[in-house]
Asker: 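Once you've had a glance at the structure underneath, I'll fire off some questions.
Letters A, B, ... are given to chains in the order of the sequence lines, protein chains preceding strands, and every chain is numbered from 1.
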Amino acid sequence: AQKVTQAQTEISVVEKEDVTLDCVYETRDTTYYLFWYKQPPSGELVFLIRRNSFDEQNEISGRYSWNFQKSTSSFNFTITASQVVDSAVYFCALSEVDTGRRALTFGSGTRLQVQP
Amino acid sequence: EPEVTQTPSHQVTQMGQEVILRCVPISNHLYFYWYRQILGQKVEFLVSFYNNEISEKSEIFDDQFSVERPDGSNFTLKIRSTKLEDSAMYFCASRGTGTKETQYFGPGTRLLVL
């Protein structure tokens with residue numbers, strides 16, 4: 001069965017520090033998608049990135065970068081030079097294509113606190 | 001930029017009452033979803049809807065829940081007889097077809113059952 005694990009429940013950093021949020025997933029599908037969503041204190045879920053299982057290229061978007069490694073079933077998220085506005089809960093999620101289970105399976109989230 | 005909208009933003013109800021949560025998905029999307037998030041916990045899938053029928057549902061989505069697309073724009077979640085444990089944030093999401101696999105979420109409806 002599919003599963004997403006975010007072992008870090010809460011991380012606290014000081015502004016300008018780099019921080020990496022870990023995500024490990026389990027699936028039997030060959031084709032699947034991985035996602036990161038941000039949930040700020042206001043509560044909405046904001047899409048950050050989607051990666052399909054055949055694309056292991058790392059991606060950088062401004063201060064954000066993602067490292068996808070199929071060999072370790074991990075899809076980690078790094079924020080460089082963190083800012084107070086990055087404080088939020090971050091969720092990693094998986095959807096499976098082969099089995100047709102397109103519903104998202106979420107991890108339990110990592111709460112990031114960036115202190116000024 | 002198109003977005004998913006949800007109404008109401010907050011709802012308080014008495015146990016045993018029926019509630020209807022409403023969503024307007026992104027206009028050219030064909031797949032619709034409901035998720036819920038109990039306070040402080042992870043987001044859980046409830047149901048997905050495509051071509052006017054349920055395509056997938058979780059074990060949470062029991063007989064007290066139903067979904068409907070009453071017209072060309074709205075997508076609703078009905079809880080027939082609310083329980084205390086139904087108190088949660090309910091999120092609607094929609095996605096496009098083909099390679100557009102990203103689900104975009106609405107702002108959520110916070111439901112409190114007393």
Asker: Between A/G109, A/S95, A/G107, which shows the greatest number of heavy-atom pairs under 4.5 Å with chain B?
Answerer: A/G107
Asker: Do A/F47 and B/Y104 come close enough that some side-chain heavy atom pair is under 4.5 Å?
Answerer: yes
Asker: Rounded to the nearest 0.5 Å, what's the gap from CD on A/E44 to CE on B/M89? Could you check?
Answerer: 8.5 Å
Asker: Treating Ile, Leu, Val, Met, Phe, Trp and Tyr as nodes and any side-chain heavy-atom pair under 4.5 angstrom as an edge, say whether B/L77 and B/Y33 lie in one connected cluster.
Answerer: no
Asker: Using the rule that Ile, Leu, Val, Met, Phe, Trp and Tyr join whenever any side-chain heavy atoms are under 4.5 Å apart, tell me whether A/V4 and A/I49 fall into a single cluster.
Answerer: yes
Asker: Can you confirm whether A/Y37 sits close enough to B/Q103 that some side-chain heavy atom of one is under 4.5 Å from a side-chain heavy atom of the other?
Answerer: yes
Asker: Is B/F75 linked to B/F65 within one hydrophobic cluster, defined over Ile, Leu, Val, Met, Phe, Trp and Tyr using a side-chain heavy-atom separation of less than 4.5 Å?
Answerer: yes
Asker: Can you check whether A/G43's main-chain N or O pairs, donor with acceptor, with B/Q37's side chain at less than 3.5 Å?
Answerer: no
Asker: With clusters defined by side-chain heavy atoms of hydrophobic residues (ILVMFWY) lying less than 4.5 Å apart, directly or transitively, does A/W36 cluster with A/Y25?
Answerer: yes
Asker: Quick check: are there more than 12 heavy atoms from other residues, nucleotides or ligands sitting under 6.0 Å from CD of B/E85?
Answerer: yes
Asker: Which atom pair, heavy atoms only, marks the closest approach of B/F105 to A/L45?
Answerer: CD2-CD1, 3.6 Å
Asker: So with a 6.0 Å cut-off around NZ of A/K38, is the heavy-atom count from everything else above 12?
Answerer: yes
Asker: Does the pair B/V43 and A/L104 meet the rule for a side-chain contact (heavy atoms from CB on, under 4.5 Å), with working shown?
Answerer: CA-CA 9 Å; B/V43 181; A/L104 295 174; over 6 Å; no
Asker: Transitively linked via ILVMFWY side-chain contacts under 4.5 Å: A/F68 with A/W66?
Answerer: yes
Asker: Which answer fits A/Q6, side chain, backbone, both or neither, if we ask what part of it has an atom under 4.5 Å from a heavy atom of chain B?
Answerer: neither
Asker: Return yes if some donor-acceptor pair links the side-chain N/O of B/Y31 with the main-chain N/O of A/R102 below 3.5 Å, else return no.
Answerer: no
